[in-house]
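Working notes, beginning with the structure itself.
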There are 2 protein chains.
Amino acid sequence: MKAPSSDRPIIRPLPAIDRARQVTDALADYVQSARLKAGDRLPAERELMSALMVGRSTIREAIRHFQALGVIETRKGSGTYLLKPVSKATIHMPLSLDTGHLRDVLLQTLEVRRGIECEACMVAARKRTDKDLILIEQNLDAMERVHISKGTSGPEDLAFHLAIYDATHNPLFRQLLEQMRETFWQFWEHPFEREDFARRSFPFHRTLYNAIAARNAEAAREETLKILEVVEEDIKEMSK
Amino acid sequence: MKAPSSDRPIIRPLPAIDRARQVTDALADYVQSARLKAGDRLPAERELMSALMVGRSTIREAIRHFQALGVIETRKGSGTYLLKPVSKATIHMPLSLDTGHLRDVLLQTLEVRRGIECEACMVAARKRTDKDLILIEQNLDAMERVHISKGTSGPEDLAFHLAIYDATHNPLFRQLLEQMRETFWQFWEHPFEREDFARRSFPFHRTLYNAIAARNAEAAREETLKILEVVEEDIKEMSK
DNA sequence: CCTTGGAATTGGTCTGACATCTTAGCATTT
DNA sequence: AAATGCTAAGATGTCAGACCAATTCCAAGG
């Protein structure tokens, strides 16, 4: 039986479910309501402390939470900065991948990329608007110009593919592939820097564009496979 | 204020010697050296504190780090438990996905699954060993038995597909799809529970098995597409 | 105008204390 | 002997205060 215990207030300070969850939600909520964009600085820990009425350690652990998720970045003496805008509706899907030898990692990620990138190009071929197509062509032209003048085309190659991902009108493709590229940059970006790669993969980018322009999903898949085959050759060459 | 930074470089210089990084590495190192398995309990915070010779707040923030990455789980009053074994060689790839309406999330994740699952089944068809095939068939048989007796086959359906992913001999496929399933369970698991789904997708599982048994990658892709088409129907039906 | 120094700000860490929850062990009762 | 109830130890959760280290800002001085 529960007599109205007078020693404890009726309204408890919400110990029901993890306070940590509340704080992380509050932080995401603040980012959303304050319209913070990537690069913006968050309030100082001591400000958030008094604003949310929690201890500093709680704030710091919430910051560590988003830091681990790659959403924010802390700079000692300067502040904490937003890398990607978040809100309470943001879903976080952390992947933990056990890696073996370098060659295995490269080939395994390549297999996954084959699945995702081919599908992205197929969807882009089906769903692209005329506006998307123009953007893709602009990036392709820029890529070809740089390739002719400098021999390599790292950033322009990336921009071209990103334009295709955006043409899918499915943000997941871009977020997935961009994050994969960033995570495995140390591994798979090197082949892209080889002038060899740009030269050999060069013709397939134009044909890929043509396939997307013609709304030919199967052809888009074929051309993407050819590009990734060049990548595979480089990986096997590099780690021999 | 400060001038808006033009754009963040792809790779940014790591803060010289981050103590936090050292502690998280040390924690991952301990998990590896102690041969901890999923479900095992980690030493208490105060033990780790003195073992690693750092303050408790530092330990807690490192724990929060791995907690955000879904690697460990803390139970108040009990301890911190390992969900997935990690080591210093474990690569963490956190994805932050901005979700819109439920229907969009479902269809967008389905497009990505189409890419990954089709590729996984194709790779499985090419790389599967006889031992893999036996495992797949066992899971298929179990699934059919349960389907006939109970009408639904949620866990068994999952086990069947996991067996296929393992047959790729590429751990990334299983880790990716398992994590996606876990993250979006609240959204996409419901269609799987419909007896309707089990009935309509039933025949394609046997044909998918046959394609993998025949090492016919293209056929495996076709059958996977058929299964996902049933899923798509359910999604559109559910959110109408 | 530019440089330079110091003060203010901010994240990083440690210590200590208390609250709350879980668990295991002991004592009691059945 | 088995089931039950209670207490105490141990664990995480949280707060507070202090200090360190790095950065930033601004005013004094060249």
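Below, read A as the first sequence line, B as the second, and so on, with proteins coming before strands; counting in each chain starts at 1.
Residue-level contact check: A:Gly77 touches the bases, meaning some heavy atom is under 4.0 Å from a base atom. Within the 4.0 angstrom heavy-atom criterion, only backbone atoms of the sugar-phosphate kind lie near A:Glu47; the bases stay farther away.
Taking side-chain N and O atoms only, B:Arg56 has no distance below 4.0 Å to OP1 or OP2 of C:dT13. For B:Thr58 and C:dG12, the shortest distance from a side-chain N or O to OP1 or OP2 is not below 4.0 Å. Between A:Arg75 and the phosphate of D:dT23, there is no side-chain N or O to OP1/OP2 separation shorter than 4.0 Å.
Between A:Lys84 and A:Gln179 there is a side-chain heavy-atom pair separated by less than 4.5 Å. Between B:Val112 and A:Glu119, the closest side-chain pair of non-hydrogen atoms is not below 4.5 Å.
Counting to the nearest Å, the C1' atom of C:dT15 and the CE atom of B:Met53 are 16 Å from each other. What separates CD of B:Glu45 from P of C:dC21 is a distance of 17 Å, to the nearest Å. Per the geometry, CG belonging to A:Leu52 stands 15 Å off C1' belonging to D:dC15, to the nearest Å. Here the P atom of nucleotide C:dC14 and the CZ atom of B:Arg60 are 15 Å apart, to the nearest Å. Straight-line distance from the CD atom of A:Gln67 to the P atom of C:dT10: 18 Å, rounded to whole Å. Taking atom OH of residue A:Tyr81 and atom C1' of nucleotide C:dT9, one finds them 11 Å apart after rounding to whole Å. The CD-P distance, from B:Gln22 to C:dT13, rounds to 9 Å in whole Å. Summarising the geometry, the separation between CD on A:Glu61 and P on C:dC14 is reported as 14 Å, rounded to the nearest angstrom.
When the side chain to side chain contact (heavy atoms under 4.5 Å, CB included) test is applied to A:Thr90, the partners found at least two apart in sequence or on another chain are A:Val86, A:Ser87, A:His92, B:Ser96, B:Asp98.
Each of A:Arg46 and B:Ser78 has a nearest nucleotide on DNA chain D; the 5'-most of these lies closest to B:Ser78. Where B:Ile63 and A:Ser57 each meet DNA chain D at their nearest nucleotide, the meeting point lying more 5' is that of B:Ile63.
Under 4.0 Å is where a charged nitrogen must lie from a carboxylate oxygen, and between B:Arg145 and B:Glu156 no such pair does. Note on A:Arg75 versus A:Glu73: salt bridge recorded, some NZ/NE/NH1/NH2 to OD/OE distance being below 4.0 Å.
Taking every side-chain heavy atom of B:Ala44 into account, D:dA11 is the closest of C:dG12, D:dG13, D:dA11. Residue A:Thr80 has its side chain nearest to C:dG11 when only C:dA17, C:dT10, C:dG11 are considered. Checked against C:dT10, C:dT13, C:dC21, the side chain of B:Lys76 finds its nearest nucleotide in C:dC21.
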